[in-house]
Amino acid sequence: MIKILSNATIVQFDPARVQSGVDIALEHGRIVKIGKNLTISSPGAAILPMDGKLVLPGMVCAHNHFYSALARGITADIAPSTDFVSILNNLWWRLDRAIDEEILEASALAAALEAVKAGTTAVIDHHASPNFITGSLDVLKNAFEKIGLRGILCYETTDRNGETGMKEGIAENINFAKGIDVKNDRRLVEAAIGGHAPFTLNDKALEMMKEAIDETGRGIHVHVSEDAYDAAFSHHQKREDPLARLNRFGLLNKNALIIHGVHLTETEIGLLNEHDSYLVHNPRSNMNNNVGYMEKIQQVKNIAIGTDGIGSDMFEEFKFAFFKHRDAGGALWPDTFARFLQNGNHILEHYFGGKFGTVKAGYRADFTILDYNSPTPLTADNVAGHLAFGMSARDVDSVMVNGKFIYKNREFPFDTAKIYASARKAAAKLWKNM
Ligand SMILES: [Zn+2]
């Protein structure tokens, strides 16, 4: 049946557009028509009044770790960690080893709920649980599907727990990708081929990742040069830049997701651009880990924004991206960062097929809907300014994915109290396990 979102205000960042008093007709998870008075010309359609609310293309978090959702406020005994590798050793690599199936499920459900509440329609996740590898991506997938969130999942292959663990990671990526029913156009979850970072991926692991992308037709999702250590390791052990090394193994293509890239050289950025790969910028995480600022952001062709495990609030992440850039003396304005934010939708197009990221006929009906009451006019010229200085997750009223409301008038269609209670119980177990 045709659904009509009536009297909506369409707001888009790139190209900037504000169009009020329009009806949006949807069928089979796609936009079929946009115009005035569609409610009159479509008898029998289900009318969903928007009362002037803002309908935006879905917000995409292009890099996240749902396994880290239960680390918030952690009180386990963590040794002081003054550099990036100590932070990994003392916190994250202890945390991921303590994750079992129950903890992962609780973590993923809570993280997915919070993503949707913040207006996020899709999350690209990078998962690690070295003591529960096989089957872990299915646990995540079930959580995404239960909440109705769209996602691209992968397992962070690494050699830091030996060759057996590395091979199990590769196998989990391949089996999960092969299990995706690509004929199902309405599927919520897709697969990528994950790797932790070049400094924990030996040549054998990179070879196997190449085989995995060839076998599955997906792209890699890997941290690269987050900290200067990744480049130093690569120069010392391999005598080449980390991204050049990935390229030598044939891992760069238009589906490749390169995360952080804070310390990429100009030559490496050239490789990234030449292969049309994506760089995902995670400003809050970079600041939190004191790894440096991605100064060369303007040289990268394709940029999207992620949170790297610090929730999934893309309004907040966008603001940090812009303000940190200003603080570092950068010359870009909010409209460029708004484009970076909207770009996450292009990654969805590569993995799911179809069109994402524009409120236009033929595009997928993934929307972030805001009840945003502004004291100043909202126009195409100033929409990015509103995003930087006004709009926030508190304005999120509803979220639609695949033409279906998964969050409506600030409510989920199920009881969330139980999900939070299980998460708190699992968090206590996780911290104790560590
Ligand atoms: Zn990450």
Side-chain angles (χ1 to χ4, degrees), residues 60-72 74 81 83-97 99 104 107-108 111-112 114-115 120 122-130 136-137 140 151-158 160 169 173 191-201 209 219-231 233 242-243 246 251 256-264 272 277-294 303-314 316-317 320-321 324 340 344 347:
V60 179
C61 174
H63 176 70
N64 206 334
H65 301 279
F66 271 8
Y67 74 81
S68 73
L70 303 183
R72 187 189 303 180
I74 196 162
S81 310
D83 62 79
F84 178 69
V85 177
S86 319
I87 297 169
L88 293 178
N89 270 317
N90 297 338
L91 174 59
W92 299 113
W93 291 352
R94 278 176 61 202
L95 181 121
D96 68 12
R97 278 194 290 266
I99 292 171
L104 177 58
S107 182
E114 300 231 310
T120 297
V123 170
I124 302 179
D125 195 75
H126 198 224
H127 174 64
S129 50
S136 58
L137 297 179
L140 273 168
I152 302 174
L153 313 182
C154 70
Y155 188 84
E156 282 183 33
T157 304
T158 177
R160 71 184 151 94
N173 280 304
I193 302 300
H196 169 252
F199 73 94
T200 72
L201 290 163
M209 282 177 73
I220 55 162
H221 181 172
V222 61
H223 299 126
V224 179
S225 288
E226 173 174 6
D227 185 78
Y229 178 79
D230 200 15
F233 173 90
L243 204 72
L246 297 188
L251 295 171
L257 307 176
I258 302 302
I259 314 305
H260 297 288
V262 175
H263 299 276
L264 292 180
L272 194 72
S277 304
Y278 254 87
L279 183 88
V280 182
H281 181 50
N282 304 265
R284 284 185 298 173
S285 168
N286 292 346
M287 291 166 82
N288 184 43
N289 289 332
N290 187 30
V291 293
Y293 181 60
M294 207 305 177
I303 291 208
I305 299 179
T307 60
D308 201 22
I310 310 180
S312 303
D313 180 343
M314 300 316 292
E316 195 162 78
E317 199 69 44
F320 274 82
K324 175 66 209 178
F340 294 164
I347 300 172

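Bear in mind the structure is a predicted one, so any value in this text is a computation, not a measurement. If you read the sequence from its start, that first residue is 1, and numbering goes on from there. Just follow the structure's listing: the first ligand is 1, and inside any ligand the first atom is 1. Atom set for the values below is all heavy atoms of this structure, side chains included, hydrogens, waters and symmetry mates excluded.
Its N, O or S atom nearest to the Zn ion (ligand 1) is what matters here, and for H63 that atom is NE2. The minimum distance between the Zn ion (ligand 1) and any N, O or S atom of D308 involves atom OD1.
Considering every non-hydrogen atom in both F66 and A115, the closest pair reads CZ-CB, 4.4 Å.
Of the possible donor and acceptor atoms, none in the side chain of S285 sits under 3.5 Å from a partner among the backbone N and O of N282.
No side-chain donor-acceptor contact under 3.5 Å links N64 and H126.
Atom SG in C154 sits 5.0 Å away from atom NE2 in H221 (nearest 0.5 Å).
Not one N/O/S atom of H260, from backbone or side chain, sits under 2.8 Å from the Zn ion (ligand 1).
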